[in-house]
Trainee: 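The structure follows.
Both ligands and their constituent atoms are indexed starting at 1 by order of listing.
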Amino acid sequence: MEQLNWGELPFGYVKTDYNVRCYYRNGQWGELEVSSDENISLHIAATALHYGQESFEGLKAFMGKDGRIRLFRWQENAKRMRNSAVGIRMAEVPDDIFIAAIQKVITLNKRFVPPYGSGASLYLRPLLIGSGPQVGVKPANEYLFLMFVTPVGPYFKEGFKPVKMKLEREYDRAAPLGTGHIKVGGNYAASLNSLHKAHEQGYASALFLDAKEKKYIDEAGPANFFGIKNNTYITPHSHSILPSITNMSLVEIAQEMGLKVERRSIEIGELSSFEEAGACGTAAVISPIGQIDDLSTGQSFVYSKDGEAGPISTQLYKRLQAIQTGDMPDTHGWIEFVD
Ligand SMILES: Cc1ncc(COP(=O)(O)O)c(C=O)c1O
């Protein structure tokens, strides 16, 4: 293989050697299969194609200084994928198949695990789709669970720097009693115009508001939102946001750092009182937010004037990253080794 430049890898697809697959047929899951084909053969009437029966996950594996590959909280991803399956009436992937797929796909693609210290990691993409045919709006009788991996570069190539976001006033990502709390493709399709427009306007992302009242912060594109003030970590409580595993972990780290934690509604007006703000998710751990613009009122909420992230966000970021790479002891039982 030509040598990959680990530090320059984008957050994108790089072909690896193998992926793994498992089919659900006649009411049961089959054996895990290994494939080197990047394509799948799918029935033209598969429900994934017509009715959006699809869910995906995203998690990372990290090479430690000790040469051991670490997985971060895979059980939470497995659980979330089961919730997604229940939410759109798909067959649930049992945890033993989920972890067997992870172990196999990493072991077979070991040469793509970026080295310790490169800032890069191996991104795992589990996917569950309705593969069986239906013409009426009904769930499929057959499902395909697959997992591929791709090495991804460090998210912040120029360092951990704050980004600009805009309040989204034009589009909703998820309905109040819809599917925002699960990780299904339809939510992402619904966010594409918003994110495209935000990028065109020079923003890193858009901050979605609650779809019912348009008064509260929901989440930041594919990441949860948090604000910090008065030594308190505050993050929205909402049915229409995805329960982020990174956010869940930052909440615990924040408490260990002596911060209070509040999970509650955040009104737009409260943005002006935060000392720091950030977006959190697997891709970046934390994207510090330097400024949020409300284009409908012309108001800007500014969290960084010097182009640097705030001290608490920086601490949170460093601690979580250190646990993931094994530089700090894992006192929570979040890490599992791939052998
Ligand atoms: C909509 C949305 N919110 C939040 C997150 C962050 O979740 P996690 O920390 O589990 O990656 C993601 C990414 O998975 C996402 O797609």
Trainee: Is Gly221 near ligand 1, meaning one of its heavy atoms is under 4.0 Å from it?
Mentor: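 So Gly221 counts as touching ligand 1.
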Trainee: With a 4.5 Å limit on heavy-atom distance, are the side chains of Glu336 and Trp74 in contact?
Mentor: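 Contact flag for Glu336/Trp74 side chains = yes.
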Trainee: Number the atoms of ligand 1 from 1 as they appear, then name those within less than 4.0 Å of a heavy atom of Tyr188, with their elements.
Mentor: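 Here the atoms of ligand 1 in question are 1 (C), 2 (C), 15 (C), 16 (O).
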Trainee: Supply the atom-to-atom distance Trp334 CH2 to Ile253 CD1, rounded to the nearest 0.5 angstrom.
Mentor: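 One gets 4.5 Å once the value is rounded to the nearest 0.5 Å.
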Trainee: Identify, by atom number and element, the atoms of ligand 1 in contact range of Arg173, meaning under 4.0 Å from any of its heavy atoms.
Mentor: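 Within the 4.0 Å cut-off of Arg173, ligand 1 contributes 1 (C).
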Trainee: For Thr282 and ligand 1, does the shortest N/O to N/O distance drop below 3.5 Å?
Mentor: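 Yes, Thr282 has an N/O under 3.5 Å of an N/O on ligand 1.
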Trainee: Ignoring hydrogens and angles, state whether a donor on the side chain of Gln134 or Thr47 is under 3.5 Å from an acceptor on the partner side chain.
Mentor: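 Checked: Gln134/Thr47 side chains show no N/O donor-acceptor pair below 3.5 Å.
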Trainee: Would Met248 count as a contact residue for ligand 1, given that I'm defining contact as a non-hydrogen atom of the residue lying under 4.0 Å from a ligand atom?
Mentor: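 The answer is no: ligand 1 sits nowhere under 4.0 Å from a heavy atom of Met248.
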Trainee: Could you pull out, from Pro222, Gly281, Gly180, the option with a heavy atom nearest to atom 12 (C) of ligand 1?
Mentor: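 Shortest heavy-atom distance from atom 12 (C) of ligand 1: Pro222.
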Trainee: With nothing but distance in play, are any N or O atoms of Ile245 less than 3.5 Å from an N or O of ligand 1?
Mentor: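 The answer is yes, given that Ile245 and ligand 1 share an N or O pair closer than 3.5 Å.
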Trainee: Heavy-atom contacts with Asn224 under 4.0 Å: which atoms of ligand 1 show up? List them by number with element.
Mentor: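 Listed by number with element, the hits are 3 (N), 4 (C).
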Trainee: State which residues pass side-chain hydrogen bond (donor to acceptor under 3.5 Å, both in side chains) with Asp306; sequence neighbours excluded, sorted by chain then number.
Mentor: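 Counting only residues at least two positions away or on another chain, Asp306 forms a side-chain hydrogen bond (donor to acceptor under 3.5 Å, both in side chains) with Ser304.
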Trainee: With respect to Glu57, which candidate in Lys183, Arg80, Arg73 satisfies the salt bridge (Lys or Arg N to Asp or Glu O under 4.0 Å) definition?
Mentor: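 Considering Lys183, Arg80, Arg73, a salt bridge (Lys or Arg N to Asp or Glu O under 4.0 Å) with Glu57 is found only for Arg80.
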Trainee: Go through ligand 1 atom by atom and flag the ones less than 4.0 Å from a non-hydrogen atom of Glu219.
Mentor: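 Listed by number with element: 1 (C), 2 (C), 3 (N), 4 (C).
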Trainee: For Glu57, is the nearest heavy atom under 4.0 Å from an atom of ligand 1?
Mentor: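 No heavy atom of Glu57 comes that close to ligand 1.
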Trainee: Between Glu31 and Tyr23, do the side chains contain a donor N or O and an acceptor N or O under 3.5 Å apart?
Mentor: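 No - no donor-acceptor pair under 3.5 Å links their side chains.
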Trainee: How about Phe11 and Tyr123: are their ring centres within less than 6.0 Å of each other?
Mentor: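 Ring centroids of Phe11 and Tyr123 are less than 6.0 Å from each other.
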Trainee: Mark the output for Glu76 as yes if a heavy-atom distance to ligand 1 is under 4.0 Å, and as no if none is.
Mentor: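 No, Glu76 has no heavy atoms under 4.0 Å from ligand 1.
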Trainee: Please confirm whether Gly58 comes under 4.0 Å of ligand 1, counting heavy atoms of the residue only.
Mentor: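 Judged by the 4.0 Å heavy-atom criterion, Gly58 does not count as contacting ligand 1.
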Trainee: Arg80 heavy atoms, cut-off 4.0 Å: which ligand 1 atoms fall inside?
Mentor: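 Near Arg80, the atoms of ligand 1 are 7 (O), 8 (P), 10 (O), 14 (O).
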Trainee: Distance to 0.1 Å, residue and atom name: give those for the protein heavy atom nearest to atom 14 (O) of ligand 1.
Mentor: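 Of the protein heavy atoms, Lys183 NZ, 2.8 Å lies nearest.
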Trainee: Can you check whether Val285's main-chain N or O pairs, donor with acceptor, with Gln321's side chain at less than 3.5 Å?
Mentor: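 Not at all, since once roles are kept as given, no pair shorter than 3.5 Å links the two residues.
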Trainee: Kindly list each side-chain donor-acceptor pair under 3.5 angstrom involving residues 215-225, sequence neighbours excluded, with atom names and distances?
Mentor:
from: Asp218; atom 1: OD1; to: Ser238; atom 2: OG; distance (Å): 2.7
from: Asp218; atom 1: OD2; to: Ser240; atom 2: OG; distance (Å): 2.7
from: Glu219; atom 1: OE1; to: Asn224; atom 2: ND2; distance (Å): 2.9
from: Glu219; atom 1: OE2; to: Arg173; atom 2: NH1; distance (Å): 3.1
from: Glu219; atom 1: OE2; to: Leu242; atom 2: N; distance (Å): 3.2
from: Asn224; atom 1: OD1; to: Ser244; atom 2: N; distance (Å): 3.4
from: Asn224; atom 1: OD1; to: Asn247; atom 2: ND2; distance (Å): 3.1
from: Asn224; atom 1: ND2; to: Leu242; atom 2: O; distance (Å): 3.0

